[in-house]
Structure formats: structure tokens, C-alpha cells
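Contents: one structure, followed by commentary.
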Amino acid sequence: MNMVQIKDDPKPLLLSRAFFTRETKTVAQESLGKTLVRVTEDGLLVAKIVETEAYLGEHDPAAHASFGRTKRTEVLYGEPGHAYVYQLHGHHCLNFVAEPPGSPGCVLIRALEPLEGIEVMRRLRGKNEMELIPIANGPGKLCKAMGIDMVMYGADLVDPASPLQVWEPLEEQERQVEISRRRGITKAADWELRFTLKGNPYVSR
DNA sequence: CTTACGATTCCC
DNA sequence: GGAATCGTAAGG
């Protein structure tokens, strides 16, 4: 990890709008290994994306977009590369909006490998003595650890002034993607749209 | 307004 | 295995 590079020259690391302007399934797979960055008053919170799920749009029974265009899903129909945040069971979940405007695909972020700002993440999770793995190995847990709530709804992930950004990987990595069924849903449960970094211990169970 | 229902988490 | 928990969407 090269913190000098992070602080001095973040722009070349930012992903492009074009990255998100692709098929949802592609964006979900390609997001693995990328870097999620939360800019806070206590410094940068940095983590590697290790688990994602694709939600395909209005014809995906498990997707929120299957309800059509509502106040909640509005951002899904807009410009790709923005954050879709929603609440569930008192927790928050983070998605990346994918596909061109009008096509409401999105990518659920399900687990992170914490890299920087780990003490702040522990504090946000409410447990100072927490082990590294359980800090962000679930969709609700990672939002709490990264300080992501409804304020982040619609945040532009490719804007260097945004509180929530997605960067290229911080260092070279080999990347083997494993494909499986989406977790925790009852509709279209057999669709294989969950993507994980093979062998990564920070993936959710 | 009322009701049903989760893309979850944590504890027993 | 089960409870906590609360916004959303749908129906009256």
C-alpha cells in the first residue's frame, strides 16, 4: 500500500463513467478487486471489494426495479456510476448503478477487505476489539463500517469531490472470480449472479 | 392509514 | 433456530 500515492494523486485511480456503463453482470464481475473509498473527517476509509451481486432490472424478480420506477429506485434509472443506497431491517445496503440511463441495473456490494482506516471502521461498527474479517463481510456490516447511510444516496462514485468513490486496485493482484447463487433472496434464487474473489477470506458466509 | 414483507444481523 | 427492526410499496 502506497499512501503517498493515494494522498497526492487520487485522480488517475478513479474509475471512469464508462466502467459502469456496461451490462450489470459485467460491472459486478469487474468490480471485484476494485477499491471503495470513503472520504470522512477522520481520514480515508479504504477497502477492497471482494463480493458482489448483480440485480438485472425490471425483469429480474428479485430486483427492486421489478416494482418499476418509484421514489426509492429513481437513481437506478439515471446516470451509471452513482450509489443506490436503501434500508433493510434497520441496516443499509450499497449498490453501484450500472448500464446506460433508463436501464435500471445495479450491483450490490456484499463484502469488503478493510485496507486503511481500520480503527475508524471498528469504531463505526461499535466494537474496538473486533477481528478484521467480520468488520465488513456482509452488505449491512460494510455500510456501517464505511459510514454509508441514506446521505450517500445518489453519490457520484467517479467524482474526485465525492464522499464515496471507486478506485482502481491499489496494487497488482491476481484475480480469480467464483460464480454462485445470490444470497438471502427467495425470488429467482437460482440465478447465478453472485461473484466472489476465489479464496478471499473476507467473503461473507 | 394499515398491513405485509424483506438484497440482514446478532444472539440463544 | 429466532427475534429485532423499520422503510417501502400496495391496498383499503
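Chain A is the first sequence line, chain B the second, and so forth, proteins listed ahead of strands; every chain is numbered from 1. All values derive from a computational prediction rather than experimental measurement.
- In this structure, of B:dA7, C:dT8, B:dT9, it is C:dT8 that holds the atom nearest to the side chain of A:R72.
- Geometric assessment of A:R182 against the ring of A:Y55 yields a positive cation-pi assignment under the 6.0 Å and 45° thresholds.
- Atom pair A:L142:CG and B:dT9:P shows a separation of 8 Å (rounding to whole Å applied).
- Checked against the 6.0 Å centroid threshold, A:Y86 and A:H64 count as a close aromatic pair.
- Side chain of A:F67, nearest nucleotide from C:dA10, B:dT8, B:dG6: C:dA10.
- Taking atom NE2 on A:H64 and atom C1' on B:dC5, their separation rounds to 11 Å, with Å as the unit.
- Within the structure, a side-chain polar atom (N or O) of A:R110 is placed less than 4.0 Å from OP1 or OP2 of B:dT8.
- Stacking between A:H89 and the base of B:dT8 is present: ring centres sit under 5.5 Å apart and the planes differ by under 30 degrees.
- Nucleic acid contact class of A:R182 (heavy atoms, under 4.0 Å, all strands): none.
- A:W191 has its CH2 atom 14 Å from the C1' atom of B:dA7, to the nearest Å.
- Separation of the A:F20 and A:F96 ring centroids falls under the 6.0 Å cut-off.
- Note: CZ (A:R183) to P (B:dT9) measures 12 Å, nearest angstrom.
- For A:N137 and B:dT9, the CG to P distance is 8 Å, given to the nearest whole Å.
- Minimum atom distance to the side chain of A:K141 is reached by B:dT9, of the listed C:dA9, B:dT9, B:dA7.
- Each of A:P134 and A:G90 was assigned the nucleotide of DNA chain B with the nearest heavy atom; the assignment lying further toward the 5' end belongs to A:G90.
- C:dT8 atom C1' lies 18 Å from atom CZ of A:R69, rounded to whole Å.
- The pairing partner recorded for C:dG7 is B:dC5, the criterion being a Watson-Crick or G-U wobble arrangement whose two distances lie under 3.5 angstrom.
- To the nearest angstrom, P of C:dA9 lies 13 Å from CD of A:E58.
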Practice problem: Mind running side chain to side chain donor-acceptor pair (under 3.5 Å) on A:E51 and A:S204 for me, showing each step along the way? | Solution: CA-CA 8 Å; A:E51 176 177 346; A:S204 76; 3.0 Å; yes
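- Minimum atom distance to the side chain of A:H91 is reached by B:dT9, of the listed B:dC10, B:dT9, B:dA7.
- Contacts of A:R125 with the nucleic acid, taken as non-hydrogen atoms under 4.0 Å apart, involve only primed sugar atoms and P, OP1 or OP2.
- Taking the 5.5 Å centre cut-off and the 30° plane limit, the aromatic side chain of A:Y86 is not classed as stacked on C:dG7.
- Among the atoms of the strands shown, only primed sugar atoms or phosphate atoms (P, OP1, OP2) are found under 4.0 Å from some heavy atom of A:Q87.
- If you take CZ of A:R205 and P of B:dT8, they are 16 Å apart, rounded to a whole angstrom.
- Between A:H82 and the choices A:D159, A:L76, A:L164, A:V75, the side-chain contact (heavy atoms from CB on, under 4.5 Å) rule is met once, by A:V75.
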